[in-house]
Amino acid sequence: MEINDATEMLGALSYEARLRIFRYLVRQGPDGASAGNIAGACEITASTLSHHLNQMRNAGLIERTRQSRSLIYVANFKTMTALIDFLSDECCNGQPELCRSTKE
C-alpha cells in the first residue's frame, strides 16, 4: 500500500458518521447491509448517508452490490487488512510483541 492510499482511507474514516458506518459494516460481515438498515442503525438520514457511503467507496473501504431492488454495502475486508498492516508495519522497531492488542 502506498502512503497516498492510506491517507485517502484514513481521511474517509476521519468523520464520526463514516467511522460509525464502517464499524457497523464490519460487524455485519460479508453479508453487508442495505442502505436503509445502515441509516437506521447509525441514525443517519438517507441523503447524508449516500454522501458518506460514496466517500468510503471512492477510498476503497466499502463495496456495493445490487440484490434485487436493494443496494447492499459491504466492508472491503482486504483493503481494511491492508490498511491495518500498513499502519503496523515495522511496529515497535522490530519488537512486534510490544504492539499486541490490549484486548489479549
Side-chain angles (χ1 to χ4, degrees):
M1 173 175 293
E2 299 294 324
I3 197 161
N4 292 340
D5 298 327
T7 301
E8 184 178 357
M9 289 178 217
L10 292 170
L13 292 174
S14 68
Y15 292 85
E16 179 184 343
R18 291 183 204 156
L19 188 54
R20 274 191 278 131
I21 293 165
F22 188 74
R23 293 186 75 209
Y24 174 76
L25 288 174
V26 168
R27 284 191 303 275
Q28 300 313 300
D31 292 336
S34 68
N37 287 345
I38 297 167
C42 297
E43 300 177 349
I44 299 172
T45 63
S47 60
T48 303
L49 177 66
S50 178
H51 169 73
H52 291 311
L53 291 171
N54 284 329
Q55 292 295 315
M56 289 189 292
R57 280 185 62 225
N58 290 339
L61 292 165
I62 63 173
E63 298 173 337
R64 179 181 73 191
T65 60
R66 181 172 292 280
Q67 289 182 2
S68 185
R69 297 179 67 193
S70 296
L71 293 174
I72 303 299
Y73 295 87
V74 179
N76 184 333
F77 293 101
K78 182 178 178 182
T79 300
M80 179 185 78
T81 302
L83 178 60
I84 292 167
D85 288 347
F86 175 81
L87 292 172
S88 59
D89 189 37
E90 300 179 29
C91 180
C92 298
N93 199 24
Q95 299 176 44
E97 67 278 4
L98 299 176
C99 300
R100 290 197 179 123
S101 171
T102 59
K103 289 185 176 185
E104 291 181 15

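If you take CD on Glu63 and CE on Met56, they are separated by 12.5 Å, rounding to the nearest 0.5 Å. For the atom pair OG of Ser70 and CZ of Arg64, the computed distance is 12.5 Å after rounding to the nearest 0.5 Å. The CG atom of Asn58 sits 12.0 Å away from atom CE of Met9, with the distance rounded to the nearest 0.5 Å. Separation of atoms CG (Leu87) and CG (Leu10) is listed at 5.5 Å; rounding is to 0.5 Å. Between the CZ atom of Arg27 and the CZ atom of Arg23 there is a distance of 6.5 Å, given to the nearest 0.5 Å. We find the OG-CG distance between Ser14 and Leu19 to be 9.5 Å, quoted to the nearest 0.5 Å.
With Thr7 contributing its side chain and Ile3 its backbone, the two residues share a donor-acceptor pair below 3.5 Å.
Under a hydrophobic clustering in which Ile, Leu, Val, Met, Phe, Trp and Tyr are joined whenever their side-chain heavy atoms come within less than 4.5 Å, directly or via other members, Tyr15 and Leu53 fall into different clusters.
Within a 6.0 Å radius of CZ in Phe77, other residues, nucleotides and ligands contribute more than 12 heavy atoms.
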Under the criterion side chain to side chain contact (heavy atoms under 4.5 Å, CB included), I'd like the reasoning laid out for Val74 against Ile62: C-alpha separation, chi angles, the key distance, then a yes or no.
CA-CA 5 Å; Val74 179; Ile62 63 173; over 6 Å; no
Candidate pair Asn37 and Tyr24, rule side chain to side chain contact (heavy atoms under 4.5 Å, CB included), full reasoning:
CA-CA 10 Å; Asn37 287 345; Tyr24 174 76; 4.0 Å; yes
Could you walk me through whether Asp5 and Phe86 pass the side chain to side chain contact (heavy atoms under 4.5 Å, CB included) test, one step at a time?
CA-CA 10 Å; Asp5 298 327; Phe86 175 81; over 6 Å; no
Apply side chain to side chain contact (heavy atoms under 4.5 Å, CB included) to the pair Asn76 and Leu61, showing each step before the final yes or no.
CA-CA 5 Å; Asn76 184 333; Leu61 292 165; 5.8 Å; no
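A 4.5 Å side-chain heavy-atom check between Tyr73 and Arg57 finds at least one atom pair inside the cut-off. Inter-residue side-chain proximity for Ile21 and Ile38 is flagged as met; some heavy-atom pair is nearer than 4.5 Å. Here the side chains of Gln28 and Asp31 are not in contact, with every heavy-atom distance at 4.5 Å or above. Looking only at side-chain heavy atoms (C-beta outward), Thr65 and Leu71 stay at 4.5 Å or farther from each other. A heavy-atom distance below 4.5 Å is found between the side chains of Met80 and Ile84. Put simply, the side chain of Leu83 reaches to within 4.5 Å of the side chain of Met1, judged on heavy atoms. Side chains of Glu8 and Gln55 form no contact here, defined as non-hydrogen atoms less than 4.5 Å apart.
Annotation for Ala35 and Leu49: closest pair O-CD2, 3.1 Å, computed over non-hydrogen atoms.
Under the salt bridge (Lys or Arg N to Asp or Glu O under 4.0 Å) criterion, Glu16 pairs with Arg20, not counting sequence neighbours.
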